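Okay, structure first, notes after.
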Amino acid sequence: MPEQTIEMAHDERESSAGVTRRFAENVWNLPRTFRESAIRHGRPTSDRAASQAIFTNFFLHILPARIHRYSLQLKATLGLGVISLVLFGLLTFTGVTLMIYYKPSTIGAYDSMKDIQYVVPTGRLMRNIHRWSAHAMVACVVLHMARVFFTGAYSKPRELNWVVGIVLLVLTLALSFTGYLLPWDQLAFWAVTIGSAIAESPKEVTDAVGITSWFDIGGMTKHLLLGANHVGQEALIRFYLLHVIVLPLVTTVLIGLHFWRIRKDGGLTRPRSEDALPDDTATAPEAAPSKTYGLMAVVPGKTPAVDRALANTIPTWPNALYAIGALSMLTLAAMLLLGYFFDAPLAELANPAVPENPAKAPWYFLGLQEMVSYSAFMGGIGIPTLIVIGLCLVPYVDRERAGIGGWFGTGGGKSVCLLSGLFTLIVTVGLLAFTVNYGWLRNAYPDIQQWIITLVNPGTVLLVVLTLWSAAVTWTTNSTRLGALALFSCLLVGFVILTYFATVHRGPNWDFYWWPSQWPTH
Amino acid sequence: MDNDLKNSERFADIEPRRHFLGLAAIGTAMLALGTALIGVLRLPMPSIFPESNPRVKLGPAGRFADTEVTSLPENRLWIYSDPQGLYAVSAVCTHLGCIVSRAEDGGYFCPCHGSRFDASGAVVAGPAPRALIYLELALSPDGQLVVDQQKEVAPDVRLTV
């Protein structure tokens, strides 16, 4: 080939008209040749070309060339993972646009928020979309976790991806929390004052044990977070740094890992029955080029599952791409509508002398805030840590394989979930009613030691009761899977009830009110 | 083929001696990196706090002695005066750092999570883990009352003016 080219060049060297003509032709063809260099294949016209279109494309090769029929049904995933990813992308985009005008200083922050809100063209829309996408992302990530749990998708070989997912949930919440301070309004200032005091709350324990003077882990955490004793300029710049660089970077990397592991763990989970080979196995589709499995060949194992897996699959191009595209556009449309019609709140300028009353965190933290109003350490650190660790351990403790992939497993999973939810409803509402009417231990015994309240408060009582319930389910049904389902249903329902209760029924001074309309006016 | 790979000579029977050396190498590397990381983590720990001097002049001491209770919202505290002398109560809630308000009956309540304190600052109800903090008062040479916002004193300490 090269020889021929040289020869041609040699031949035409004599006529300068020849080279001019070829140059002109090249320029004329430039749009086509550029397109061909960027997109090596045209619109695929065969299964094989469709596969190639996926795995020769940098942006698409995160997807498998072929995807299982079951995985594309709405009931398999509810699309929650893709929606969360789209929201993260949308948050990144709108976040960058906001960064153009936002100034992370206690003097300039609030003014730049007002500028974005009232002066910058489309600034208000970008901020609204950023805010509502953040709320939606928290909701979608939690629902996604529930979907994964209820379909048993955490079990082998997906244990690690479950843990990665929980880390991503924590990161999502951390991103929300750090973003919450940036407007530097009253809501932001007091929510973060409370948040950083929660970080300091291990003091409650070290004080009780009497070791604070030489091991003040709470104080250290607070100083690390705020860079000072109070929320101020140092805290604002640290939260800004975490919010725009550190946490998004870590999240992006972990999202990559999360998606990569989906493929390495054998694709999305599905019921075993979906893998049944059709009778006419001869219709197995044209195989993908063998080179994709080239690397696998040197690693023993059954990961690619070439023969069986192909039978019930369809090409990713265009089936999965259409599904993902549709979900993305729907998400975008929903956020645009929300952002267009509803303004993100902006309270008055932060005032360190007068707290908001009530000072409520965003809704997804209100369940925590309710527990914090029983004990700062247990509600803000102890119980959340126990729950996160417990959730991480679930796939390693429950290793049952029956009924994986379908909703609620098999053998009474659905009724266990319903019963657990009902049980949680009764216990939580009962505890809340008791606490609202009679207070807690200190109301009866004013001189009680603080460590007793730290250990025994409505939050810990609730957690212990729900854990005992799940243990009872495990022993009576003789199934760790049903026990895990019970525990997760309990936690989910408990979270929802506490969130609802703190949103609607807590008013000024964190007192109980039937409706916000009954709040006293000052 | 699978078996060939699994039992490849390269991986077979690593001598315990070499095993130990390998572990030692990894351990040393981890120790070095860990030490470096702890050193770097020292960076974001503030060695100088940006807040101004915790000792704040509040005004001529005689003025506070004349009134039973003076509210100083900017400094987040109250100055009380009784026959024994002056004392200062911090308005920062011991639960999660909100600013408590003073009730009609002389007690205090926190707007954030409903902690309630009696007139002496002791916890009556709610999640606060301890009583409100009494702050150290002093007189400056020019006769001004000075509070140290980071120094706690026992509730029965009084400053005689």
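Here is how names work: the chains are called A, B, and so on, in the same order as the sequence lines, proteins then strands, and each is numbered from 1. Remember, predicted model here, so these are calculated numbers, not experimental data.
Interface summary for chain B: among A:Ala359, A:Gly227, A:Gly195, the most heavy-atom pairs under 4.5 angstrom belong to A:Gly227. For the set B:Ser115, B:Pro44, B:Gly126, the count of heavy-atom pairs under 4.5 angstrom toward chain A peaks at B:Pro44. For chain A, the option among B:Pro111, B:Gly97, B:Cys98 with the highest count of heavy-atom pairs below 4.5 Å is B:Pro111.
In the displayed structure, A:Trp451 atom CH2 is contacted under 6.0 Å by at most 12 heavy atoms of other residues, nucleotides or ligands. Within 6.0 Å of CD1 in A:Ile245 there are 12 or fewer heavy atoms belonging to other residues, nucleotides or ligands. Atom CD of B:Glu74 has 12 or fewer neighbouring heavy atoms from other residues, nucleotides or ligands inside a 6.0 Å radius. B:Leu33 CG: more than 12 foreign heavy atoms inside a 6.0 Å radius. Enclosure of atom CG in B:Leu23 by more than 12 non-hydrogen atoms of other residues, nucleotides or ligands within 6.0 angstrom is indicated.
For a residue to count as touching a neighbouring chain, one of its non-hydrogen atoms must lie under 4.5 Å from one of that chain's; by this rule B:Cys110 touches chain A with the backbone only. If you measure heavy-atom distances from B:Ala122 to chain A, you find no contacts under 4.5 Å at all. Only the side chain of A:Trp190 has a heavy atom closer than 4.5 Å to any heavy atom of chain B. Of the two parts of A:Leu224, the backbone and the side chain both hold a non-hydrogen atom closer than 4.5 Å to a non-hydrogen atom of chain B. Residue contact with chain B, scored on non-hydrogen atoms closer than 4.5 Å, involves the backbone and the side chain of A:Asn229 alike. Heavy-atom distances place both the backbone and the side chain of A:Gln369 under 4.5 Å from chain B. Only the side chain of A:Arg238 comes within contact range of chain B, judged by heavy atoms closer than 4.5 Å.
Between A:Tyr374 and B:Pro127, the shortest heavy-atom distance links the atoms O-CB, 3.7 Å. Taking both residues in full, the closest heavy atoms of A:Arg442 and B:Val124 are given as CG-O, 3.7 Å, listed atom of the first, atom of the second, then distance.
Remark: side-chain polar atoms of B:Arg76 are paired, donor with acceptor, to backbone N or O of A:Pro352 under 3.5 angstrom.
B:His95 places a side-chain heavy atom less than 4.5 Å from the side chain of A:Val372. Inter-residue side-chain proximity for B:His113 and A:Ile194 is flagged as met; some heavy-atom pair is nearer than 4.5 Å. In this structure the side chain of B:Ile99 never reaches within 4.5 angstrom of the side chain of A:Val354, judged on heavy atoms. Taking 4.5 Å as the limit, every side-chain heavy atom of B:Pro129 sits out of range of all side-chain heavy atoms of A:Asp207.
Distance check: B:Thr94 OG1 to A:Lys203 NZ gives 11.5 Å after rounding to the nearest 0.5 Å. From A:Asn509, atom CG reaches atom SG of B:Cys112 across 9.0 Å, with rounding to the nearest 0.5 Å. Atom-to-atom distance recorded for A:His230:NE2 and B:Gln149:CD is 7.0 Å, nearest 0.5 angstrom.
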